[in-house]
J.: 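To start, I am sharing the structure in question, which I have written as structure tokens.
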Amino acid sequence: MLELVVLISGAGSNLRALLDATLDAEYPARVVAIGADRDAEGLQLGEDYSIPTFTVPFSRFDSRAEWGRELAAQIRPWTPDLLVLSGLMRLLPPAVVSEFGPAIINTHPAYLPEFPGAHGVRDALAAGVTETGASVIKVDDGVDSGPILAQERVPVLPGDSASTLHDRIKPVERRLLIQTILDIANGTTDLKGTPSA
Ligand code: GRF
């Protein structure tokens with residue numbers, strides 16, 4: 001049973017989908033704690049699903065490194081098998097990546113390496129592409145630059161706004177996240193190397 005700590009910054013709709021998957025006794029992972037870098041709406045899921053939460057407000061720290069030290073101190077007691085960034089809108093400091101890596105994955109609403117960073121959906125729309133995608137990657141020290149574990153194309157439709165496009169991407173993101181965690185739990189994806197074929 002993989003024990004997961006999930007970090008969010010927003011509504012947590014991807015986290016909710018993962019929590020619902022873990023309600024199935026057959027699913028080999030469970031969320032043991034939910035963390036956020038701000039007073040995120042998604043923390044309410046901790047109440048709803050009776051899961052402990054913690055908040056390490058980025059704004060309360062003088063540096064990313066200091067924030068990272070407190071974040072690591074809040075994650076460490078849970079001894080997660082896997083740290084899942086699901087809508088965390090912060091870069092993890094290298095010290096956090098090295099402490100919990102390679103068991104850190106992230107979901108991104110674009111077909112990496114296309115459109116990395118905090119505005120992947122808006123950037124795809126602005127670029128006028130006819131398709132974008134969703135990706136799940138292993139987190140390294142870069143910005144959405146780690147090895148790709150799963151990804152799938154999502155069409156951009158005429159008249160799409162950032163929110164209609166993001167709403168089309170998110171269900172794909174959730175399905176890829178849930179499947180990737182399953183693959184990690186059953187060993188078909190090895191985070192220590194590149195994903196097995
Ligand atoms: C997701 O698309 C995530 O990949 C991106 O922001 C969105 C978060 O959505 N970083 P939610 O908080 O899971 O609803």
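First listed ligand is number 1; within each ligand, the first listed atom is number 1.
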J.: Compute both the distance and the angle, then confirm whether R153 meets the cation-pi test with Y111: under 6.0 Å from the six-membered ring centre, within 45 degrees of the axis.
T.: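 Judged by the rule, R153 and Y111 form a cation-pi pair.
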J.: Give a table of atom pairs where an N or O of ligand 1 lies under 3.5 Å from a protein N or O.
T.:
unit_1	atom_1	unit_2	atom_2	d
ligand 1	2 (O)	H166	NE2	2.6
ligand 1	2 (O)	E173	OE1	2.8
ligand 1	2 (O)	E173	OE2	3.3
ligand 1	4 (O)	T107	O	3.3
ligand 1	4 (O)	T107	OG1	3.3
ligand 1	4 (O)	E173	OE2	2.3
ligand 1	9 (O)	K170	NZ	3.2
ligand 1	12 (O)	A11	N	3.2
ligand 1	12 (O)	G12	N	2.9
ligand 1	13 (O)	S13	N	3.2
ligand 1	13 (O)	N14	N	2.9
ligand 1	14 (O)	S13	N	2.9
ligand 1	14 (O)	S13	OG	2.6
ligand 1	14 (O)	K170	NZ	2.8

J.: Could I get the full list of side-chain contact (heavy atoms from CB on, under 4.5 Å) partners for A118, not counting sequence neighbours?
T.: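 Expected list: M89.
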J.: L71, V5: one ILVMFWY side-chain cluster at the under-4.5 Å cut-off?
T.: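 The answer is yes; both residues are in one hydrophobic cluster.
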J.: Is a donor from one side chain sitting under 3.5 angstrom from an acceptor on the other, for S13 and R174?
T.: yes
J.: Sort out for me which residue in D81, L82, V31 forms a side chain to side chain contact (heavy atoms under 4.5 Å, CB included) with E3.
T.: D81
J.: Check for me whether R64 meets the cation-pi criterion with F58, that is, NZ or CZ under 6.0 Å from the six-membered ring centre and within 45 degrees of the ring axis.
T.: no
